[in-house]
Amino acid sequence: MLTLIIGGAGQGKLSYALSSRRASQGDVTYDPACPRPIFAGLETYLRQTEDPWPALEALMAAQRDLTILCDEVGCGVIPMDKDEREWRERVGRTCCALAARADRVVRLYCGIPTIIKGV
C-alpha cells in the first residue's frame, strides 16, 4: 500500500506517519536508495535530481507498504529564480503522479489529518 502524506513544513507529517504506522525513527529514510517503510523529504530529494522516477520506482518495489512524505511548496509567492520555479513545478508534478498511484493520500494542517484519497 502506497501512502502519500503532504502538508506544509512543520505540520506534523513525520509524527503522524510514525504513529499511524506504529513505527520508529529507524523506519525513516531520507534517501530513496536506502529502502525503509517511510521516505521523508521528497521535496528535498527533488532538488538533487531531475528525474526522480528510477529511484522512486525502485523504492516502491522494495517497500510494498510505503509512506512518502512531502512538504507542500507550491503555495505562496512565485519565486523569481527560474531554478526555484522549476523545482516547485517538479515537486508538484511528482506529487500528482504519486497521488494518482497512491492507495491513500493524507494532507496535514496543524497536525490534523484530512484523508483526501482512500480510507
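Values below: every heavy atom of this structure, side chains too, minus hydrogens, waters and symmetry copies.
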(Q) Could you check whether any side-chain heavy atom of L4 comes within less than 4.5 Å of a side-chain heavy atom of R104, counting everything from C-beta outward? (A) no
Q. With a 4.5 Å limit on heavy-atom distance, are the side chains of Q11 and D71 in contact?
A. no
Q. Is there a path from L2 to V28 through hydrophobic residues (I, L, V, M, F, W, Y) whose side chains come within less than 4.5 Å of each other?
A. no
(Q) Between R21 and T67, is there a side-chain heavy-atom distance shorter than 4.5 Å? (A) yes
Q. According to a 4.5 Å side-chain heavy-atom criterion applied to Ile, Leu, Val, Met, Phe, Trp and Tyr, with indirect links allowed, do L42 and L108 form part of one hydrophobic cluster?
A. no
**Q.** Rounded distance (nearest 0.5 Å) linking atom CD of E86 with atom CG of D81
**A.** 9.0 Å
Q: Please step through side chain to side chain contact (heavy atoms under 4.5 Å, CB included) for the pair I6 and V106, ending with a clear verdict.
A: CA-CA 6 Å; I6 59 170; V106 179; over 6 Å; no
(Q) Would L18 and I38 count as a side chain to side chain contact (heavy atoms under 4.5 Å, CB included) here? Give the steps. (A) CA-CA 8 Å; L18 290 171; I38 300 172; 3.8 Å; yes
(Q) Can you give me the closest heavy-atom contact between I78 and R85, atom names plus distance? (A) CG2-CD, 3.7 Å
Q: Report yes or no: does K117 contribute a side-chain atom to a donor-acceptor pair with the main-chain N or O of T3 at less than 3.5 Å?
A: no
Q.
Would you say Y109 ends up clustered with V91 if hydrophobic residues are merged whenever their side chains have heavy atoms under 4.5 Å apart, either directly or through other cluster members?
A. no
Q) With side chains defined as the heavy atoms from C-beta onward, is the minimum distance between I5 and Y16 less than 4.5 Å? A) yes
Q. In this structure, are over 12 heavy atoms from other groups packed under 6.0 Å from M1 atom CE?
A. yes
Q | Linked, directly or transitively: W53 and Y30 (ILVMFWY side chains, under 4.5 Å) | A | no
Q. Does R93 reach the side chain of E89, with side-chain heavy atoms less than 4.5 Å apart?
A. yes
Q. Ion pair present between R101 and E57, side-chain N to carboxylate O less than 4.0 angstrom?
A. yes
Q: Check for a donor-acceptor pair, side chain of R36 on one end and backbone N or O of T29 on the other, with a separation under 3.5 Å.
A: no
Q) Are the side chains of L69 and F39 in touch, meaning some heavy atoms are under 4.5 Å apart? A) no
Q. Does the side chain of L59 come within less than 4.5 Å of L66's, by heavy atoms?
A. yes
Q | Path from I68 to L14 over hydrophobic side-chain contacts below 4.5 Å | A | no
Q.
Which heavy atom of G111 sits nearest to which heavy atom of P113, and what is that distance?
A. O-CD, 3.5 Å
Q | Candidate pair I115 and V105, rule side chain to side chain contact (heavy atoms under 4.5 Å, CB included), full reasoning | A | CA-CA 6 Å; I115 299 170; V105 180; over 6 Å; no
Q: State, with a plain yes or no, whether a side-chain heavy atom of R107 is found less than 4.5 Å away from one of E72.
A: yes
Q) Do R90 and E43 meet the salt-bridge criterion of a basic N to acidic O distance under 4.0 Å? A) no
